[in-house]
2 protein chains.
Amino acid sequence: MNEILSATGQGQTVSETVYRSLKMDILSGVIPSGSALLTRDLLARYDCGISPLREALARLVGEQFLEATSHRGVKVPQPSISDVEDVYRIRIALEREALALALTHGDDEWEGEIIATCHRMEKATLPDHVADQPTSIIEWEIRHRAFHHSLIKAAPSPRLLKLIDQMVDQTERYRALRLTGMDRAKIQGDVAAEHRKLMELVLARDPASLDFLSQHLDRTRVAVISILSER
Amino acid sequence: MNEILSATGQGQTVSETVYRSLKMDILSGVIPSGSALLTRDLLARYDCGISPLREALARLVGEQFLEATSHRGVKVPQPSISDVEDVYRIRIALEREALALALTHGDDEWEGEIIATCHRMEKATLPDHVADQPTSIIEWEIRHRAFHHSLIKAAPSPRLLKLIDQMVDQTERYRALRLTGMDRAKIQGDVAAEHRKLMELVLARDPASLDFLSQHLDRTRVAVISILSER
DNA sequence: ATCGTCAATAGTTTGGAAAATATTTGTATA
DNA sequence: TATACAAATATTTTCCAAACTATTGACGAT
């Protein structure tokens with residue numbers, strides 16, 4: 001027990017730690033979709049008692065990262081086309097709203113953050129040999145997410161931002177799918193141009209940025225679905 | 001324990017019962033906003049063990065009906081104007097989306113349900129002396145919610161409908177405020193007319209129903225905020 | 001051979017006790 | 001008198017064992 005606490009580093013609770021680990025394992029695909037999670041396996045895997053595990057499972061079920069059927073345990077939901085559409089639809093509706101708010105309320109610091117995160121994202125597309133720390137495509141993904149987050153960060157709506165975060169988390173499950181056929185060349189080309197354009201529109205507080213963002217997200221949706229339906 | 005199970009009536013679990021009771025007590029305002037909830041008081045109040053109580057608390061924190069700080073328990077969040085705006089903003093964005101989907105996918109059964117729930121809502125505004133069961137303003141509220149739900153029910157987006165339900169739950173906390181100065185006369189008058197109009201637009205699959213719904217919800221938002229700011 | 005019943009098994013839920021953490025109180029010192 | 005430190009107290013968090021419930025498979029009757 002002391003080991004667990006020291007392992008977490010901070011004064012986090014055990015259930016919080018288990019929650020994070022389990023969520024990461026689900027999103028990263030370590031636990032394959034459709035597989036049922038056996039209680040005793042989970043207890044061994046995360047080395048904790050029943051109570052924190054149950055609390056973590058309850059939270060994940062509430063956030064729809066897991067499905068629970070009475071007396072038959074929990075399982076990772078199978079990805080479906082209709083679910084992808086559902087998630088992206090909500091995400092687009094909410095991000096539109098958030099961006100509209102950000103355009104109204106954003107200040108200089110907000111603008112600076114956008115430029116900074118965009119810069120970091122573009123840097124992650126450069127060849128590795130110059131950088132001290134090689135940047136992988138995963139690293140680009142992380143910075144990509146940070147960029148999108150920075151656009152709407154100025155929206156004075158904590159609930160809205162939190163919901164968007166949840167929806168983005170949901171799409172994380174399809175990360176591998178999204179990145180299929182998306183090599184460094186493509187990121188340096190089309191995608192980079194699109195992000196540049198988006199940033200310019202946002203910094204200019206152009207209302208057209210709303211539609212542009214919607215279309216940008218919708219293109220991702222279409223890509224994910226087309227890959228998903230080829231199976 | 002047997003007493004508890006028999007008291008619940010059904011084969012519900014204790015944690016489920018505690019969850020419902022606690023949520024009701026929060027929404028109905030029995031537990032005042034801003035007050036911290038002490039574990040031992042709650043144990044006594046709901047007459048249960050620690051485990052089911054913790055599970056109920058965890059769920060309510062997840063749904064943002066309670067705020068939790070590590071090792072300092074949970075408390076009922078203070079209502080604020082900005083939070084009301086936040087909730088209504090999200091609700092409007094999501095219900096617009098859902099209604100648009102419902103207009104496309106709704107079938108005859110959906111139309112029938114709308115007419116039925118509207119009828120029931122209007123019936124609840126009639127004088128009591130004719131009805132066997134007197135209908136209170138609370139009953140109208142319940143049917144009002146059912147009516148609004150019926151409008152978007154045909155949207156093939158389980159996640160969207162669930163999120164909307166959560167937002168509507170959040171506005172339940174302001175029910176008392178909403179109903180202030182809203183007597184039977186008003187419900188029979190302006191509000192009824194507005195609902196009728198909304199229903200007609202929806203049944204005609206008129207795209208204008210989207211804006212009309214937005215405005216309808218926004219009027220409620222304004223009303224709640226004006227009452228809230230007068231204090 | 002099929003259906004229904006019953007035991008065996010796996011999984012869930014609960015209560016209480018112990019551990020960990022935060023807060024308050026009390027005391028000594030400057 | 002004020003401040004820092006330490007003990008005491010209050011509260012939350014975790015663990016585990018026991019009670020409970022549903023599902024599965026086997027057995028016997030029709």
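Numbered from 1 within each chain, the chains take letters A, B, ... in sequence-line order.
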note = Between B/G73 and B/S51, the residue closer to the 5' end of DNA chain D by nearest nucleotide is B/G73
request  = Quickly work out the B/L37 CG to D/dT11 P distance and round it to whole Å.
outcome  = 13 Å
Distance-only polar pair, side chains of B/R178 and B/T220, donor-acceptor under 3.5 Å = no
key: Distance in angstrom units between B/E55 CD and D/dT14 C1', rounded   = 15 Å
ask   = The side chain of B/V14 lies closest to which of these nucleotides: D/dC15, C/dT14, C/dG15?
value = C/dT14
message = Under a 4.0 Å threshold between the charged nitrogen and the carboxylate oxygen, would A/D169 count as salt-bridged to A/R145?
response = yes
ask   = How do A/T39 and B/G49 order along DNA chain C: which one's closest nucleotide is nearer the 5' end?
value = A/T39
message = At less than 4.0 Å, is any side-chain N or O atom of B/R72 found next to OP1 or OP2 of C/dT23? Yes or no.
response = yes
inquiry  = Measure NZ/B/K75 against C1'/D/dT12 and give the value in whole Å, please.
reply    = 17 Å
request  = Find the distance A/L53:CG to C/dT13:P and express it as a whole number of Å.
outcome  = 12 Å
message = Just the rounded figure in Å: distance from C1' of D/dT13 to CG of B/L43.
response = 13 Å
query = Roughly how many Å is it from CD in A/E16 to C1' in C/dA20, rounded to a whole number?
reply = 16 Å
ask   = Taking only side-chain nitrogens and oxygens of B/R54, does any of them come within less than 4.0 Å of OP1 or OP2 of D/dT13?
value = yes
Phosphate contact (D/dT14 OP1 or OP2) by A/S15 side-chain N/O below 4.0 Å = yes
Nucleotide nearest A/P52 (side chain, heavy atoms from C-beta), chosen from C/dT14, D/dC15, D/dT11 = D/dC15
inquiry  = Using the side-chain contact (heavy atoms from CB on, under 4.5 Å) criterion, which residues pair with B/T104? Sequence neighbours excluded.
reply    = none
message = Without decimals, in angstroms, what is the distance between B/I50 CD1 and C/dT14 P?
response = 13 Å
request  = Check the distance between D/dC15's C1' and A/Y46's OH and give it to me in whole angstrom.
outcome  = 19 Å
Residues A/S157, B/R89; criterion side chain to side chain contact (heavy atoms under 4.5 Å, CB included); working and verdict = CA-CA 9 Å; A/S157 284; B/R89 179 160 37 227; 2.8 Å; yes
inquiry  = Would you say NZ of A/K23 has more than 12 non-hydrogen atoms from neighbouring residues, nucleotides or ligands within 6.0 angstrom?
reply    = yes
